[in-house]
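Bear in mind the structure is a predicted one, so any value in this text is a computation, not a measurement. Chain identifiers are assigned alphabetically (A, B, ...) following the order of the sequence lines, protein sequences preceding nucleic acid strands; residue numbering begins at 1 within each chain.
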Number of protein chains: 2
Amino acid sequence: MRTYNSDMDSKAENIEKLTTFAKAMGHPTRMEILAFLLEQNTCYFGDIHEVFPNAKATISQHLKELKSAGLIQGEIEGPKVKYCINKENWELARLLFADFFKSNVKTKCC
Amino acid sequence: MRTYNSDMDSKAENIEKLTTFAKAMGHPTRMEILAFLLEQNTCYFGDIHEVFPNAKATISQHLKELKSAGLIQGEIEGPKVKYCINKENWELARLLFADFFKSNVKTKCC
DNA sequence: AATAATGTTCGTATTTTTGCGAACATATAA
DNA sequence: TTATATGTTCGCAAAAATACGAACATTATT
């Protein structure tokens, strides 16, 4: 079945997802982490950690939030942990933000 | 003079602006307010307030934050206050988010 | 097995955000 | 002028986010 959601529902869902993405992106360190991951190929926790002035616990927590928002993913590799952008959701975020901001703003108001 | 900022600087500035926009968008009520403003022509405070279950003070505060982030603008009209999307910054946000998410994600990692 | 390296989780302190009633400010109406 | 309508600001309480050291778990190395 693929006819369950009405347009209204999926619109509300999209706003919810956008809120989740935006919230995760609403912190300087987390945005910097995303920017860092975008320009790296290797991205072990340690590589990320050594770029920031924060404690391990703090970075780990930010990564956890980015992950739970779906923007990144992690993979255990030996004793290390490899992080990277979550491609699928990255594309989803791209689409949702683009759609949200493209909306023709009414010329009337203000 | 228009040659002051290096690419690095403006990149950092862009991330900062993105963080500001994202933070403002990272709350359900504020996202709903934006969505509401996008589909309205008239947008007095009262019109917005009556759509949400929150107290006037709460809505007023959310509007204040959206405004200080640059996403909306307000205009006093008689005893009422008219709110709407800030077109210039809306376009800026559209560009910044699009640019951020378009980044070709490396195929290597994860 | 013992040690070292790498991250996560726990507990906690601090700060920030959120939400709201009450008081206030301003403009219109009576 | 007095009253009414419309929002904002203030002050405070509750909740959530942030940051970090210490303890813990897991894997690799000796």
Hey, are B:Glu91 and A:Lys102 close enough for a salt bridge, meaning a charged N less than 4.0 Å from a carboxylate O? no
Nearest whole Å is fine: how far is [N] [atom2] from [X] [atom1]?
X       : N      : atom1 : atom2 : value
A:Ile59 : C:dT6  : CD1   : P     : 16 Å
B:Lys82 : D:dG7  : NZ    : P     : 12 Å
A:Gln61 : D:dG21 : CD    : P     : 14 Å
A:Leu63 : C:dT6  : CG    : P     : 16 Å
A:Lys64 : D:dA19 : NZ    : P     : 16 Å
B:Ile76 : C:dA27 : CD1   : C1'   : 10 Å
A:Tyr44 : C:dA5  : OH    : P     : 17 Å
A:Glu75 : C:dG7  : CD    : C1'   : 15 Å

Contact under 4.0 Å: [X] side-chain N or O vs [N] OP1/OP2:
X       : N      : result
A:Thr58 : D:dC20 : yes
B:His49 : D:dT6  : no
B:Tyr83 : D:dT8  : yes
B:Ser60 : D:dT8  : yes
A:His27 : C:dT15 : no

Pick base, sugar-phosphate or nothing for [X], based on heavy-atom distances below 4.0 Å to the nucleic acid.
X       : answer
B:Glu77 : nothing
B:Ala57 : base
B:Lys80 : sugar-phosphate
B:Phe52 : nothing

Take B:Glu75 and B:Tyr83, measure what side chain to side chain donor-acceptor pair (under 3.5 Å) needs, and give me the verdict at the end. CA-CA 6 Å; B:Glu75 187 179 274; B:Tyr83 280 102; over 6 Å; no
A:Lys23 vs A:Pro79, nearer the 5' end of DNA chain D by closest nucleotide: A:Lys23
The single option from B:Val51, B:Leu71, B:Ile48 that satisfies side chain to side chain contact (heavy atoms under 4.5 Å, CB included) with B:Ile33 is B:Ile48
Parallel, tilted or perpendicular: which fits the ring planes of A:Phe101 and B:Phe97, with parallel below 30° and perpendicular above 60°? parallel
Counting side-chain heavy atoms from CB outward, which of D:dG21, D:dA19, C:dG7 is closest to A:Lys56? C:dG7
Against B:Tyr44, only a single residue in B:Lys80, B:Glu77, B:Lys82 fulfils side-chain hydrogen bond (donor to acceptor under 3.5 Å, both in side chains); can you say which? B:Glu77
